[in-house]
Trainee: 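Below are the structure tokens for one structure; questions will follow.
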Amino acid sequence: MSPLVSELHLYDIANVKGVAADLSHCNTPSQVLDFTGPSELANCLKGVDVVVIPAGVPRKPGMTRDDLFNINASIVKSLVEAVADNCPEAFIHIISNPVNSTVPIAAEVLKQKGVYNPKKLFGVTTLDVVRANTFVAQKKNLNLIDVDVPVVGGHAGITILPLLSKTRPSVTFTDEETEQLTKRIQNAGTEVVEAKAGAGSATLSMAYAAARFVESSLRALAGDPDVYECTFVQSELTELPFFASRVKLGKNGVESIISADLEGVTEYEAKALEALKSELKVSIEKGIEFVHKQQTAAASV
């Protein structure tokens with residue numbers, strides 16, 4: 001629907017033609033092209049400006065994000081290899097879970113290919129922001145359009161940290177509200193998995209959040225000077241190599257990382273920030289290790 005999209009390339013291992021035909025009937029200016037299977041992947045990627053990777057299996061009840069890891073890690077690795085070969089300058093949006101590990105996987109692959117640009121690799125954590133804004137607006141009877149809650153850290157469980165004290169417009173929360181809202185935002189994915197009773201995980205809210213982040217990227221690429229989003233990127237805000245925080249987006253990707261959000265946080269937020277670091281560190285290292293193991297295995301074959 002975005003007027004900023006001139007061409008939409010759809011890729012998957014099956015059923016792409018039907019989805020493309022369906023979408024192509026929408027009276028929007030973008031041209032829809034379909035690509036099916038590994039043999040058509042290179043052509044799909046040539047000349048694109050933004051690559052969005054939501055590929056992989058969804059979470060089912062009883063499944064941890066860890067269970068998803070091996071399947072989705074391999075999918076992300078092979079897709080990012082193709083991106084490196086065919087459109088290394090593109091913005092890369094990683095949605096495939098676990099984002100805390102799949103973004104480091106993508107970074108390692110791009111490094112191996114000699115085309116890594118940390119300013120153009122994004123873990124899409126927009127859904128956490130979308131949920132935080134929605135839940136806070138409901139709780140405080142605010143006009144949703146005005147609400148903006150920065151969410152930092154990572155994109156799973158306790159690594160998701162909504163900075164409620166930095167909510168705009170300024171609003172106060174009791175300790176109980178802070179804890180309740182924080183936990184709800186962190187566990188919102190599970191809320192959907194349980195409500196669907198085994199039929200899948202969040203798809204519609206995720207698609208909405210992904211569309212918002214793509215739209216922001218396209219606005220930045222088009223020269224809009226005022227584009228800010230929270231995203232999981234290579235960062236020096238903490239001692240961890242990757243961290244989600246608010247960034248300013250520009251034509252070349254991340255223009256600046258907004259450090260002010262982490263200044264003057266509440267005691268609750270400061271403790272939660274320290275608590276999430278060890279878990280996030282393990283996830284990041286797991287992603288890096290996955291690529292190195294694969295490389296070693298390939299070398300010894």
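Residues take their numbers from the sequence shown, with the count starting at 1.
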Trainee: Just by modelled atom types, is the Ile53 backbone N or O under 3.5 Å from a matching donor or acceptor in the Ser96 side chain?
Mentor: yes
Trainee: Are any side-chain N or O atoms of Glu177 and backbone N or O atoms of Thr174, one a donor and one an acceptor, separated by less than 3.5 Å?
Mentor: yes
Trainee: Is the shortest side-chain heavy-atom distance between Val136 and Phe173 below 4.5 Å?
Mentor: yes
Trainee: Find the distance between CD (Glu269) and CG (Leu262) and round it off to the nearest 0.5 Å.
Mentor: 9.5 Å
Trainee: Mind checking whether Ile95 and Ile71 sit in one hydrophobic cluster, side chains of I, L, V, M, F, W, Y counted as touching below 4.5 Å?
Mentor: yes
Trainee: Side chain to side chain contact (heavy atoms under 4.5 Å, CB included) between Lys271 and Glu274: does it pass, once the steps are laid out?
Mentor: CA-CA 5 Å; Lys271 276 186 182 160; Glu274 284 312 308; 5.9 Å; no
Trainee: Is the count of non-hydrogen atoms from other residues, nucleotides or ligands lying under 6.0 Å from Asn143 atom CG greater than 12?
Mentor: yes
Trainee: Thr167 side chain to Ser170 main-chain N or O, any donor-acceptor pair under 3.5 Å?
Mentor: no
Trainee: Within a strict 4.5 Å, meaning less than it, do heavy atoms of the Ile185 and Phe135 side chains meet?
Mentor: yes
Trainee: With a 4.0 Å cut-off on N to O distance, would you call Lys111 and Glu108 a salt bridge?
Mentor: yes
Trainee: Is the NZ or CZ atom of Lys77 positioned over Phe290's six-membered ring, under 6.0 angstrom from the centre and within 45° of the axis?
Mentor: no
Trainee: Should the heavy atoms of other residues, nucleotides or ligands under 6.0 Å from CD1 of Ile145 be counted, would the total exceed 12?
Mentor: no
Trainee: Could you tell me whether Arg168 and Asp146 make a salt bridge, using a distance below 4.0 angstrom between a side-chain N and a carboxylate O?
Mentor: no
Trainee: Show the nearest heavy-atom pair for residues Gln186 and Gly157, with the distance to one decimal.
Mentor: CG-O, 3.4 Å
Trainee: Is Lys281 salt-bridged to Glu285, going by a charged N under 4.0 Å from an acidic O?
Mentor: yes
Trainee: If hydrophobic clusters are built by linking Ile, Leu, Val, Met, Phe, Trp and Tyr wherever their side-chain heavy atoms come under 4.5 Å apart, do Val50 and Phe122 end up in the same one?
Mentor: yes
Trainee: Can you get from Leu280 to Ile158 by hopping between Ile, Leu, Val, Met, Phe, Trp and Tyr side chains that sit under 4.5 Å apart?
Mentor: no
Trainee: Could you check His9 against Asn43 for side chain to side chain contact (heavy atoms under 4.5 Å, CB included), going step by step and ending with a plain yes or no?
Mentor: CA-CA 10 Å; His9 291 191; Asn43 284 337; over 6 Å; no
Trainee: Please evaluate residues Val130 and Tyr208 with respect to the criterion side chain to side chain contact (heavy atoms under 4.5 Å, CB included), reporting the C-alpha separation (whole Å), side-chain torsions for both, the decisive distance (0.1 Å), and the verdict.
Mentor: CA-CA 9 Å; Val130 164; Tyr208 169 80; 3.9 Å; yes
Trainee: Write down the atom of Glu40, the atom of Asp34, and the distance for their closest heavy-atom approach.
Mentor: OE1-O, 4.1 Å
Trainee: Any heavy-atom pair between the side chains of Ile284 and Val103 that's under 4.5 Å?
Mentor: no
Trainee: Check the pair Arg219, Glu215 against salt bridge (charged side-chain N to carboxylate O under 4.0 Å, His left out), reporting the backbone distance first and the verdict last.
Mentor: CA-CA 6 Å; Arg219 279 174 39 221; Glu215 177 89 7; 5.9 Å; no
Trainee: Are the side chain of Lys140 and the backbone of Thr172 linked by a donor-acceptor contact shorter than 3.5 Å?
Mentor: yes
Trainee: So, Asn187 side chain and Lys183 main chain: donor-acceptor pair closer than 3.5 Å or not?
Mentor: yes
Trainee: By the definition side-chain hydrogen bond (donor to acceptor under 3.5 Å, both in side chains), identify the one residue from Thr125, Asn100, Thr126, Asp128 that meets it with His155.
Mentor: Asp128
Trainee: At their closest point, which heavy atom of Ser216 faces which heavy atom of Glu229, and how far apart are they?
Mentor: OG-OE2, 2.7 Å
Trainee: Going through the checks in order, is the side-chain hydrogen bond (donor to acceptor under 3.5 Å, both in side chains) test met by His292 and Gln294?
Mentor: CA-CA 5 Å; His292 292 179; Gln294 299 260 318; over 6 Å; no
Trainee: Checking side-chain contact (heavy atoms from CB on, under 4.5 Å) between Pro150 and each of Ile258, Leu163, Leu164, which is the one that passes?
Mentor: Leu163
Trainee: Checking side chain to side chain contact (heavy atoms under 4.5 Å, CB included) for the pair Val152/Cys230: CA distance, chi angles, key distance, verdict?
Mentor: CA-CA 7 Å; Val152 302; Cys230 289; 5.7 Å; no
Trainee: I'd like to check Pro38 versus Tyr11 (side-chain heavy atoms, cut-off strictly below 4.5 Å). Are they in contact?
Mentor: yes
Trainee: What are the two closest non-hydrogen atoms of Ser217 and His93, and how far apart are they?
Mentor: OG-NE2, 2.9 Å
Trainee: Side chains of Leu221 and Phe91: closer than 4.5 Å at any heavy-atom pair?
Mentor: yes
Trainee: State whether the side chain of Asn72 and the backbone N or O of Gly56 hold a donor-acceptor pair below 3.5 Å, judged by distance alone.
Mentor: no
Trainee: Enumerate, atom names and distances included, each donor-acceptor pair closer than 3.5 Å involving a side-chain atom of residues 232-250, sequence neighbours excluded.
Mentor:
| residue | atom | partner | partner atom | Å |
| --- | --- | --- | --- | --- |
| Gln234 | OE1 | Tyr116 | OH | 2.7 |
| Ser235 | OG | Leu237 | N | 3.1 |
| Thr238 | OG1 | Leu240 | N | 3.1 |
| Glu239 | OE1 | Lys277 | NZ | 3.3 |
| Arg246 | NE | Asp261 | OD2 | 3.0 |
| Arg246 | NH1 | Asp148 | OD2 | 2.9 |
| Lys248 | NZ | Pro225 | O | 2.8 |
| Lys248 | NZ | Glu255 | OE1 | 3.3 |

Trainee: As a quick check of understanding, evaluate side-chain hydrogen bond (donor to acceptor under 3.5 Å, both in side chains) for Lys46 and Asn86, giving each step before the final call.
Mentor: CA-CA 5 Å; Lys46 284 193 171 74; Asn86 295 287; 3.3 Å; yes
Trainee: Quick check for you: to the nearest 0.5 Å, what is the distance between Ile75 atom CD1 and Leu79 atom CG?
Mentor: 7.5 Å
Trainee: Is the backbone of Gly18 close enough, under 3.5 Å, to the side chain of Asp22 for a donor and an acceptor to pair up by distance?
Mentor: no
Trainee: Under 3.5 Å, side chain of Thr231 to main-chain N/O of Val124, donor-acceptor pair present?
Mentor: no
Trainee: Is Lys196 reaching over with its side chain to a backbone N or O of Ser201, donor-acceptor style, under 3.5 angstrom?
Mentor: yes
Trainee: Are Leu4 and Leu10 connected in a single hydrophobic cluster, I mean Ile/Leu/Val/Met/Phe/Trp/Tyr linked by side-chain heavy atoms less than 4.5 Å apart?
Mentor: yes
Trainee: With a 4.5 Å heavy-atom cut-off, do Val265 and Leu273 have their side chains touching?
Mentor: no
Trainee: Taking all heavy atoms of Asp224 and all of Asp226, pick out the closest pair and write down the distance.
Mentor: OD1-N, 2.9 Å
Trainee: Is there a side-chain contact between Leu33 and Leu8 in this structure, where contact means two heavy atoms from C-beta onward sitting under 4.5 Å apart?
Mentor: no
Trainee: Give the minimum heavy-atom separation between Lys119 and Asn252, together with the two atoms involved.
Mentor: CB-O, 3.6 Å
Trainee: Please say whether more than 12 non-hydrogen atoms of neighbouring residues, nucleotides or ligands are located less than 6.0 Å from CD1 in Ile13.
Mentor: no
Trainee: Going only through I, L, V, M, F, W and Y residues with side-chain contacts under 4.5 Å, is there a path from Leu181 to Tyr268?
Mentor: no
Trainee: Charged N to carboxylate O below 4.0 Å: is that the case for Arg184 and Glu191?
Mentor: yes
Trainee: Does atom CG of Asn15 have more than 12 heavy-atom neighbours from other groups under 6.0 Å away?
Mentor: no
Trainee: Is there a donor-acceptor contact under 3.5 Å from the side chain of Asn133 to the main chain of Val149?
Mentor: yes
Trainee: Do the side chains of Val151 and Ile160 get nearer than 4.5 Å, heavy atoms only?
Mentor: yes
Trainee: Tell me, with the steps shown, if Ser30 and Glu7 meet side-chain hydrogen bond (donor to acceptor under 3.5 Å, both in side chains).
Mentor: CA-CA 5 Å; Ser30 62; Glu7 269 192 22; over 6 Å; no
